[in-house]
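These notes are about the structure you will find just below.
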Amino acid sequence: MDLLVGVLSRRLSVGDRWELERLVAEPPRHVGADLAFPLMRFTRGKAGRDMVEGILEELRESPLVARAELVGGFLNLWLEPREYSRRVFEALSTMGERYGAPPSLGRRLRVVVEHTSANPVHPIHVGTARNTSLGDTLARMLHFYGHEVNRRFYVDDVGAQTAYLAYGLHKLGGPGEWRRLSQGWKPDHWIGLVYALTYQLVELAGLKKRIEEARREGGEEYRELVSQQDRLVSSLARLRERHPEVFDRLSRAVLEDPDPQARVYEWIRLYERGEEPVRGIVRSAVEMALEGMRQTLDRLGAVFDAWDFESDLVWGGLVAEILARARQSPYYTLHKEAEALDLGRLAEDPEVRRRLRIPGALEVPPLILRRSDGSTLYTTRDIAYSVKKYQETKADLIVNVVGKEQTLPQAQVRLALYALGYQEVAERMLHYSYEMVNLPGRKMSSRRGEIVTVDEVLDSLREGALGEMQARGMDYPKGLREEIAEKIAVGALRYFLVSVDADKPLTLDLREVLDFNRNTAPYIQYSYARASGILRRAGQAPNEPPSHDPAGTPEERWHLLKLVGQYPYRLGRAVAELRPEYLVEYLGRLANAFHKWYDTDPVLSEEDPDARAYKLALVGALRRVLGSAMRILGVEPLERM
RNA sequence: GGCCCCGUAGCCCAGCCAGGAUAGGGCGCCGGCCUCCUAAGCCGGUGGCCGGGGGUUCAAAUCCCCCCGGGGCCGCCA
């Protein structure tokens, strides 16, 4: 690969290696070559034909090249297995555990990856798990490659949702009482229930008022309101079953309040001003929610370097600074009563669109920064947060893993940053967007308290894994069995969630994930366990083979060796394009190549000691590459399963 | 209504940005392989007007235009 690109780069005088590298392809099977390159676009005319001769000649001189031919405009290369093997093992030996990463990185980038940032009012659900899996995998990929990564979780504690939650919790008493009431519950699950109850009870109170008023007039509106009320009541009845005591106390307290809706709105403003006791109540509520979330994130293997509270941006004055700058800006405008930025004009500049990666012909309406009641909006605070992330890290790239539905607000944030003089920040921000996760037959709504939590999905996957182990008669001791099942469950979910293009909606069919069907984490883990088993039985295994391909190269072994040698290149592409699914595809092929070889060319019963040593070294190399790529994807390698 | 994303076998997906060889996998279905390193495996078979139409090109799943279908966004929510 390097050889080919090197020669081509010189002969074709193409400076950009990446340009050539991406064109190198696997030839179709009927050709039988190891590498192919479409030369026709570079070699038109007579001068081109001479150039081709030169290229072929130079390539044929290399000990790595067995054969080089030009067929129908394609340059086809056959490699010399011994020489290739020598080079692969040399790279493995010099790079050690870092095999796959570049020996020297052109420039070490500082990268911020902000991901998950789930609203604390409810537990992490399967959609968020896609965010976590993508974000954490990107971070691991970049880190392994040699970049400096900073992982951040943005705690969204300002605004209506946490105000509802805190208001409800307050009606139940203080943190001590919350603990008592949530006995036997995971903290975030209990918080989610209180939030859903509070939200619906406040809704109900408001609805009752409006029904009173509409009763006199009667008619269509009245009937509509009553039917809304019926739906709310039946939803509340379902929630009551989960925790009758909490329900009863909460409903009494909320319905006693003369105007719960107004109270909640007041709390939003009080919290934003940082006034006690609201400030303390909200913070305790959020702490409790985060405690539960951290348990789930730990389970998924996601760790963070920083937890940034949205409220700190407000109290620390950064949001005020953004507003002050906005008022000086030529884009400043009043939208009805509210302060806003009119970004439409800026968004029309094609140069700005390109630099800020504004998609297609996206139309950009004015961005409201401050409500007429004086409170700020999420997007306003996000502008401040972007500035903070940059100021604290001076990052070259700020990756925000945020749902696709937020394409417009994300674009508005970048444009606003640009408009307010933070061009540098704006240009370094990347909205890494991903589509929703659907569950067949289940419609999620956090306000109704109906969400499919990651915890329950993982539990169900773990049960499935345990069942499978039992069916296969694996009789590990109890602790080990549970540990393996848990690692299979987490791996299966994470692997699945990053396996398809983030731009495509994903359907999480639990039965399907439980099937462990083809290119899944268990398939990869199984390959790793098989390789581990061979090495365990062999006792000592050489890291480097004494000789390369002593007894010729069967097709299956050659194919595996080539894939092992491709790891640096495949990982490089995944990192450059921030596409974890490339790694998934690669792992699937690698595991498959190993299984095929395994079935045709026994290792341990090989009698020729040189050949046996070589095979063991190859198993070791494969195991190392599998393990490395698995860890990047958050899939735990298993010695046995 | 405007805008964004997606559309490839019965089902799920890769390839598209940066056009090149006979469009690749997987699931499902049918049939094989455990006296031998873990059968969560392997082998064989089955299945495609690449959503439709037009254009650009020596060459189009890939680029451009129109249309159709699915999802999303257009809020003093996030």
Side-chain angles (χ1 to χ4, degrees), chain A residues 18-19 22-23 25-31 36 38-41 71-74 76 117 119 156 158-161 335-340 358-365 368-379 381-382 402-409 411 433 435-436 438 446 465 468-469 471-474 488 499-507 509 512 515-527 529-538 556 577 581-582 584-585 588-589 591-592 594-606 615-616 619 640-641:
Chain A
W18 182 248
E19 166 75 13
R22 68 177 180 78
L23 288 171
E26 217 166 311
R29 253 192 292 277
H30 68 271
V31 174
L39 259 184
M40 55 287 229
R41 73 179 67 188
V71 180
F74 281 90
N76 290 323
S117 299
N119 196 302
D156 176 18
V158 179
Q161 294 194 300
H335 186 78
K336 301 187 187 146
E337 305 282 283
E339 295 182 81
I358 307 296
L362 189 73
E363 289 169 10
V364 184
I368 312 281
L369 296 175
R370 194 162 176 266
R371 294 189 184 92
S372 38
D373 73 0
S375 58
T376 56
L377 284 97
Y378 179 85
T379 331
R381 300 184 298 263
D382 208 12
V402 173
K404 181 61 152 257
E405 70 279 5
Q406 290 193 47
T407 301
L408 176 60
S433 83
E435 269 285 4
M436 311 213 164
N438 303 303
S446 64
E468 182 69 26
M469 285 164 78
R472 297 175 60 250
M474 306 310 276
I488 290 172
S499 66
V500 302
D501 186 339
D503 261 338
K504 290 193 181 182
L506 192 61
T507 300
D509 186 334
E512 198 178 299
D515 258 353
F516 300 152
N517 37 34
R518 215 35 165 71
N519 186 4
T520 59
Y523 177 72
I524 309 301
Q525 285 168 317
Y526 181 62
S527 315
R530 264 188 161 178
S532 302
I534 293 173
L535 296 174
R536 201 163 47 235
R537 280 166 188 270
E556 288 82 3
E577 298 184 32
E581 68 267 30
Y582 289 178
V584 168
E585 200 255 349
R589 280 188 188 233
N592 184 239
F594 172 54
H595 287 309
K596 283 182 181 175
W597 176 53
Y598 175 98
D599 264 34
T600 52
D601 190 13
V603 175
L604 293 176
S605 56
E606 172 65 57
K615 288 180 181 181
L616 282 171
V619 173
R640 53 189 94 219
M641 65 186 281

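Lettering of chains follows the sequences in order, A, B, ..., and the numbering in each one begins at 1. Keep in mind the model is a prediction, meaning the values are calculated, not measured. All values below were derived from every heavy atom in this structure, side-chain atoms included, with hydrogens, water molecules and symmetry-related copies excluded.
- Atom CD in A:E405 sits roughly 16 Å away from atom P in B:G75 (whole-Å rounding).
- Between A:E577 and A:R22, no side-chain nitrogen of the basic residue sits less than 4.0 Å from a carboxylate oxygen of the acidic one, so the salt-bridge criterion is not met.
- Between A:Y523 and A:Y526 there is no side-chain heavy-atom pair separated by less than 4.5 Å.
- In this structure, A:I524 and A:N519 have side chains that are in contact, with non-hydrogen atoms separated by less than 4.5 Å.
- Here B:G70 presents its P atom at 17 Å from CE of A:M436, a figure rounded to the nearest Å.
- With a 4.5 Å cut-off on side-chain heavy atoms, A:L369 and A:T376 do not count as touching.
- If you measure from atom CG of A:D599 to atom P of B:A40, you get 12 Å, rounded to the nearest angstrom.
- Dashed line: the shortest gap from a side-chain N or O of A:Y378 to OP1 or OP2 of B:A78 is not under 4.0 Å.
- Taking the C1' atom of each, B:A9 and B:G47 are spaced 6 Å apart, rounded to whole Å.
- For the pair A:R536 and B:C37, the criterion of a side-chain N or O lying under 4.0 Å from OP1 or OP2 is not met.
- Between A:R381 and B:A78, a side-chain N or O to OP1/OP2 separation shorter than 4.0 Å is present.
- The separation between A:L408 atom CG and B:A78 atom C1' is 13 Å, rounded to whole Å.
- In this model, no side-chain donor or acceptor of A:R640 finds a partner on the base of B:U38 within 3.5 Å.
- Taking atom C1' on both nucleotides, B:U56 is separated from B:G20 by 16 Å, rounded to a whole Å.
- A:W597 places its CH2 atom 19 Å from the P atom of B:G41, with the value rounded to the nearest Å.
- For A:R530 (side chain) and A:H595 (main-chain N/O), no donor-acceptor pair under 3.5 Å exists by modelled atom type.
- One donor-acceptor pair, N or O on each side, does fall under 3.5 Å between the base of B:C76 and the side chain of A:S372.
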Show the distances under 3.5 angstrom between N or O atoms of the protein and N or O atoms of nucleotides 12-18 of chain B.
from, atom 1, to, atom 2, distance (Å)
B:A14, OP1, A:D501, N, 3.2
B:A14, OP2, A:K504, NZ, 2.3
B:G15, OP1, A:R579, NH2, 3.1
B:A18, O2', A:R22, NH1, 2.5
B:A18, O2', A:R22, NH2, 3.2
B:A18, N3, A:R22, NE, 2.8
B:A18, N3, A:R22, NH1, 2.4

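- Nucleotides B:A60 and B:G52, compared at atom C1', are 16 Å apart to the nearest Å.
- For the OP1/OP2 pair of B:G24 and a distance below 4.0 Å, the side-chain nitrogens and oxygens of A:R29 include no atom meeting the criterion.
- Put simply, CG on A:L362 is 8 Å from C1' on B:C73, counting in whole angstrom units.
- In this structure, A:N519 atom CG and B:G25 atom P are separated by 14 Å, rounded to whole Å.
- The side chain of A:K404 places no N or O atom within less than 4.0 Å of a non-bridging phosphate oxygen (OP1 or OP2) of B:G71.
- Taking atom CG on A:L39 and atom P on B:C58, their separation rounds to 20 Å, with Å as the unit.
- B:G54 and B:A18 are spaced 26 Å apart, taking the P atom of each and rounding to whole Å.
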Which nucleotides of RNA chain B pair, in dot-bracket form (Watson-Crick or G-U under 3.5 Å, | meaning another strand): (((((((..((((......[...))))((((((.......))))))....(((((..]....))))))))))))....

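- With C1' as the reference atom, B:C27 and B:G45 are 16 Å apart, rounded to whole Å.
- Using a 4.0 Å cut-off, no side-chain N or O of A:Y523 falls inside it from OP1 or OP2 of B:C27.
- Applying the 90° criterion around 0 to the glycosidic angle, B:C4 comes out anti.
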